[in-house]
Peer 1: 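Questions regarding the structure given below will be posed in turn.
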Amino acid sequence: MAYGDFIRHYAKIAEEENCEMLCVGCEMVQTDKREAEWRELIASVRPIYRGLITYNCDKYQEGRVQWWDAVDIISSSGYYPIGEWKAHLDRIEAVVRRRDKPFFFMEAGCPSRENSPRRPNDWSLPGAPSEEAQKRYYEDMFAACAKRDWMRGFVLWDWPARLYDASRAAENDDYCMYGKSAADVVRRYYTSGGAAAEQA
């Protein structure tokens with residue numbers, strides 16, 4: 001089955017289920033430069049699916065995609081190192097302003113593991129479990145993003161279908177925040193209407 005057939009199949013399902021948004025691709029860096037093919041694919045989806053369409057580029061790639069005008073919303077994977085959010089948001093903002101499109105992070109998060117805030121996209125980085133490391137990362141990310149009026153939100157990675165027991169959360173070093181300190185940071189951020197999370 002061709003990729004276009006695959007996406008159009010799910011576009012039909014998305015339309016039938018009244019999904020608000022459809023992502024036509026995720027972190028397909030080597031294909032980002034195939035502009036004509038992406039435009040053709042998106043154009044072929046529009047008659048099938050009437051909702052919002054986005055493409056999720058990989059981190060650092062926001063300025064390299066030349067066909068953002070073909071989608072409704074710009075999205076990317078925001079696994080940026082702690083302490084570096086301002087510089088990356090400045091770079092992304094230039095793209096968002098130039099394209100005049102809404103933006104959100106379709107993926108963002110950090111493992112609850114020592115050293116992970118510096119390399120949040122590295123699944124295999126060694127280190128002991130650390131709720132504090134994950135918590136600090138979320139605080140830094142939310143505080144930086146709350147200052148940008150063009151930021152529309154996050155899809156936080158991840159929340160598996162089968163959760164570990166909450167009593168064992170401190171032993172878990174994965175991205176899920178269930179039962180961990182980062183969950184409180186997320187709760188405060190969203191209950192405050194997206195204002196910067198309070199520092200605990």
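Along the sequence shown, the residues carry numbers beginning at 1.
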Peer 1: Could you pull out the closest heavy-atom pair between Glu107 and Cys26, with the gap in Å?
Peer 2: OE2-SG, 3.7 Å
Peer 1: Go through the steps for Phe104 and Met21 under the test side-chain contact (heavy atoms from CB on, under 4.5 Å), then give the verdict.
Peer 2: CA-CA 12 Å; Phe104 77 107; Met21 182 165 51; 3.5 Å; yes
Peer 1: Does CD in Glu35 sit with more than 12 non-hydrogen atoms of other residues, nucleotides or ligands closer than 6.0 Å?
Peer 2: yes
Peer 1: Using a strict 4.0 Å threshold on nitrogen-to-oxygen distance, state whether Asp173 and Lys180 make a salt bridge.
Peer 2: no
Peer 1: If you look at every heavy atom in Cys110 and Gln134, which pair is closest and at what distance?
Peer 2: O-NE2, 2.9 Å
Peer 1: Any salt bridge between Asp165 and Arg168, counting N to O under 4.0 Å?
Peer 2: no
Peer 1: Is there a chain of hydrophobic side chains (I, L, V, M, F, W, Y, each step under 4.5 Å between heavy atoms) that links Val95 to Val29?
Peer 2: no
Peer 1: What residue among Arg91, Arg148, Lys147 forms side chain to side chain contact (heavy atoms under 4.5 Å, CB included) with Lys86?
Peer 2: Arg148
Peer 1: Ignoring hydrogens and geometry, is there a side-chain-to-backbone donor-acceptor pair from Tyr49 to Cys19 under 3.5 Å?
Peer 2: yes
Peer 1: Would you say the ring centroid of Tyr55 lies under 6.0 angstrom from that of Trp67?
Peer 2: yes
Peer 1: Check whether any side-chain heavy atom of Ser44 lies under 4.5 Å from a side-chain heavy atom of Arg8, and answer yes or no.
Peer 2: yes
Peer 1: Hey, what do you get for CE (Met151) to SG (Cys145), rounding to the nearest 0.5 Å?
Peer 2: 4.5 Å
Peer 1: Mind checking whether Phe154 and Phe105 have parallel, tilted or perpendicular rings, split at 30° and 60°?
Peer 2: parallel
Peer 1: Would you mind reporting whether Cys176 and Pro160 have side-chain heavy atoms less than 4.5 Å apart?
Peer 2: yes
Peer 1: Any non-hydrogen side-chain atom of Tyr79 less than 4.5 Å from a side-chain atom of Asp122?
Peer 2: no
Peer 1: Tell me, yes or no, whether the heavy-atom count around Glu16 atom CD, taken from other residues, nucleotides or ligands under 6.0 Å, exceeds 12.
Peer 2: yes
Peer 1: Do Trp68 side-chain atoms and Glu62 backbone N/O form a donor-acceptor pair below 3.5 Å?
Peer 2: yes
Peer 1: Can you measure from OG (Ser116) to CZ (Arg136) and round to the nearest 0.5 angstrom?
Peer 2: 10.5 Å
Peer 1: Below 4.5 Å, heavy atoms only, C-beta onward: do Val24 and Trp38 meet side chain to side chain?
Peer 2: yes
Peer 1: Any donor and acceptor pair, going by atom type alone, linking the side chain of Asp58 with main-chain N or O of Gln61 inside 3.5 Å?
Peer 2: no
Peer 1: Under 3.5 Å, is there a donor-acceptor pair linking the side chains of Asn56 and Thr54?
Peer 2: no
Peer 1: For Phe103 and Trp150, take the angle between the two ring planes, folded into 0 to 90°, and tell me which bin it lands in: parallel under 30, tilted 30 to 60, perpendicular over 60.
Peer 2: perpendicular
Peer 1: With a 6.0 Å cut-off (strictly less than), is the heavy-atom count around CZ of Arg46, excluding the residue itself, greater than 12?
Peer 2: yes
Peer 1: Could you check whether any side-chain N or O of Arg113 sits under 3.5 Å from a backbone N or O of Leu125, counting only pairs where one atom can act as donor and the other as acceptor?
Peer 2: yes
Peer 1: For the CD atom of Glu20 and the CG atom of Leu52, what is their distance to the nearest 0.5 Å?
Peer 2: 8.0 Å
Peer 1: Between Pro120 and Tyr137, what is the shortest heavy-atom contact and its length?
Peer 2: CG-OH, 3.6 Å
Peer 1: For the ring pair Tyr80 and Tyr60, is the centre-to-centre distance below 6.0 Å?
Peer 2: yes
Peer 1: Between Asp69 and Arg99, is there a side-chain N and carboxylate O pair less than 4.0 Å apart?
Peer 2: yes
Peer 1: State plainly whether the residues Arg97 and Asp90 are in salt-bridge range, i.e. N to O under 4.0 Å.
Peer 2: no
Peer 1: Using a 4.5 Å cut-off on heavy atoms from C-beta on, say whether the side chain of Tyr3 contacts that of Met28.
Peer 2: yes
Peer 1: With a 3.5 Å cut-off and no angle check, do the side chains of Glu131 and Ser112 form a donor-acceptor pair?
Peer 2: no
Peer 1: Using side-chain contact (heavy atoms from CB on, under 4.5 Å), reason through Cys23 and Met106 one step at a time and then give a plain yes or no.
Peer 2: CA-CA 9 Å; Cys23 181; Met106 184 162 270; 3.6 Å; yes
Peer 1: Would you say Tyr189 and Trp157 are hydrophobically clustered, going by side-chain heavy atoms of ILVMFWY under 4.5 Å?
Peer 2: no
Peer 1: So, for Leu22 and Val45, which heavy atoms are closest and what is the spacing to 0.1 Å?
Peer 2: CD2-CG1, 3.9 Å
Peer 1: With a 3.5 Å distance limit and no angle check, can you tell me whether Asp140 reaches the backbone of Gly83 through a side-chain donor-acceptor pair?
Peer 2: yes
Peer 1: Can you tell me how far the CD1 atom of Ile48 sits from the NE2 atom of His9, to the nearest 0.5 Å?
Peer 2: 11.5 Å
Peer 1: Do Ser130 side-chain atoms and Ala133 backbone N/O form a donor-acceptor pair below 3.5 Å?
Peer 2: yes
Peer 1: Mind checking whether Asn172 and Pro129 have side chains closer than 4.5 Å, heavy atoms only?
Peer 2: no
Peer 1: Of all the heavy-atom pairs spanning Ala108 and Tyr138, show the shortest one and how long it is.
Peer 2: O-OH, 4.0 Å
Peer 1: Within the 4.5 Å heavy-atom criterion, are Leu156 and Met141 side-chain neighbours or not?
Peer 2: yes
Peer 1: Within the 4.5 Å heavy-atom criterion, are Arg188 and Glu139 side-chain neighbours or not?
Peer 2: yes
Peer 1: With rounding to the nearest 0.5 Å, note down the distance linking CG in Asp174 to CG in Asp158.
Peer 2: 6.0 Å
Peer 1: OG of Ser77 to CD of Glu27: how many Å apart, nearest 0.5 Å?
Peer 2: 3.5 Å
Peer 1: Give a yes or no on whether the ring-centroid distance for Trp123 and Tyr175 is below 6.0 angstrom.
Peer 2: yes
Peer 1: For the pair Arg118 (side chain) and Ile82 (backbone), establish whether a donor and an acceptor sit closer than 3.5 Å, ignoring hydrogens and angles.
Peer 2: yes
Peer 1: Using atom types as modelled and distance alone, determine if a side-chain donor or acceptor of Asp32 lies under 3.5 Å from a backbone N or O of Val65.
Peer 2: no
Peer 1: Taking Val71's backbone N and O only, do any of them form a donor-acceptor pair with Lys101's side chain (distance below 3.5 Å, no angle check)?
Peer 2: yes
